Amino acid sequence: MSETIFTKILRKEIPADLVHEDEQCIAFRDINPQAPVHILIIPRKAFENIDAMQDEDEQLVGHLFSVARDIARTFHLDETGYRCVINNGSNAGQTVFHLHVHLLGGRAMNWPPG
Ligand code: DGP
């Protein structure tokens with residue numbers, strides 16, 4: 001896959017408002033927030049989306065959700081609820097083709113999504 005803007009954020013070539021960093025992933029605030037708290041959790045390993053995920057990535061993808069849970073607690077989102085979203089492909093609205101989990105919270109949300 002070709003490099004994305006997230007590769008540059010991982011390499012710290014462009015700035016991001018980091019909220020978490022470990023050996024497997026980083027998390028930072030979305031540049032265009034759709035909720036009072038809108039954080040992206042991305043793996044250091046670059047692959048496009050869930051469709052490109054390999055069986056060997058199961059632990060890694062699970063880790064992204066563990067980190068989302070921990071960040072949600074840090075921001076007290078667990079008290080009111082929050083949404084974790086992975087957009088997979090163009091029909092889902094994916095614009096950056098480096099897997100990422102959106103963590104959204106701080107307001108009530110509708111279902112189904114648009
Ligand atoms: P998606 O549509 O699911 O591919 O989400 C991509 C998100 O990435 C979108 O909500 C905006 C965010 N984004 C794009 N470029 C940047 C950037 O340079 N910095 C940050 N912090 N977020 C970005």
Side-chain angles (χ1 to χ4, degrees):
M1 62 174 274
S2 52
E3 285 193 357
T4 70
I5 194 87
F6 289 176
T7 306
K8 291 186 168 52
I9 290 175
L10 278 162
R11 287 203 207 110
K12 307 217 159 120
E13 290 169 5
I14 62 169
D17 190 356
L18 283 181
V19 299
H20 174 86
E21 195 167 12
D22 64 36
E23 330 76 69
Q24 296 187 82
C25 72
I26 66 169
F28 52 91
R29 288 185 189 272
D30 194 291
I31 203 167
N32 183 23
Q34 302 300 311
V37 178
H38 187 172
I39 289 164
L40 303 173
I41 301 109
I42 76 169
R44 292 188 187 278
K45 177 182 175 183
F47 51 101
E48 292 183 356
N49 51 33
I50 290 295
D51 195 56
M53 174 190 169
Q54 300 185 325
D55 291 350
E56 68 190 29
D57 300 320
E58 281 181 7
Q59 185 278 333
L60 173 58
V61 173
H63 180 68
L64 302 180
F65 283 95
S66 296
V67 168
R69 174 205 59 204
D70 292 346
I71 295 170
R73 287 178 183 160
T74 299
F75 285 85
H76 304 288
L77 301 179
D78 55 316
E79 295 164 12
T80 48
Y82 54 90
R83 189 171 285 176
C84 294
V85 175
I86 297 178
N87 293 325
N88 193 91
S90 56
N91 257 11
Q94 185 176 9
T95 58
V96 179
F97 285 80
H98 179 130
L99 180 79
H100 49 282
V101 176
H102 293 258
L103 169 64
L104 299 137
R107 67 169 172 85
M109 291 172 216
N110 298 319
W111 192 262

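In listed order, ligands and their atoms are each counted from 1. Note that the structure is predicted; figures quoted are calculated from it, not measured.
- With hydrogens and angles left out, the side-chain atoms of Gln94 and Asn88 include no donor and acceptor closer than 3.5 Å.
- Outside the 6.0 Å centre-distance limit, the rings of His100 and His98 are not counted as a close aromatic pair.
- Gln24 pairs by the side chain to side chain contact (heavy atoms under 4.5 Å, CB included) definition with Asp22, Gln59, Leu60, His63, not counting sequence neighbours.
- A search for side chain to side chain donor-acceptor pair (under 3.5 Å) contacts involving Glu48 returns nothing, not counting sequence neighbours.
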Between side-chain atoms of residues 105-114 and protein atoms elsewhere (two or more places apart, or another chain), which donor-acceptor pairs fall under 3.5 Å?
residue : atom : partner : partner atom : Å
Arg107  : NE   : Gln34   : O            : 3.0
Arg107  : NH2  : Gln34   : O            : 2.8

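- Under the 6.0 Å cut-off for aromatic ring centres, Phe28 and Phe6 qualify, their centroids lying closer than that.
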Check each N or O atom of ligand 1 against all protein N or O atoms and list the pairs under 3.5 Å, with atom names and distances to 0.1 Å, one per line.
residue  : atom   : partner : partner atom : Å
ligand 1 : 2 (O)  : Gly93   : O            : 2.9
ligand 1 : 2 (O)  : Thr95   : N            : 3.4
ligand 1 : 2 (O)  : Thr95   : OG1          : 3.1
ligand 1 : 3 (O)  : Asn87   : ND2          : 2.9
ligand 1 : 3 (O)  : His100  : NE2          : 2.9
ligand 1 : 3 (O)  : His102  : NE2          : 2.8
ligand 1 : 4 (O)  : Thr95   : N            : 2.7
ligand 1 : 4 (O)  : Thr95   : OG1          : 3.2
ligand 1 : 4 (O)  : Val96   : N            : 2.9
ligand 1 : 4 (O)  : His100  : NE2          : 3.1
ligand 1 : 5 (O)  : His100  : NE2          : 3.0
ligand 1 : 5 (O)  : His102  : NE2          : 3.2
ligand 1 : 10 (O) : Asp30   : OD1          : 3.2
ligand 1 : 10 (O) : Asp30   : OD2          : 2.5
ligand 1 : 21 (N) : Arg29   : O            : 2.9
ligand 1 : 21 (N) : Ile31   : N            : 3.4
ligand 1 : 22 (N) : Ile31   : N            : 3.2

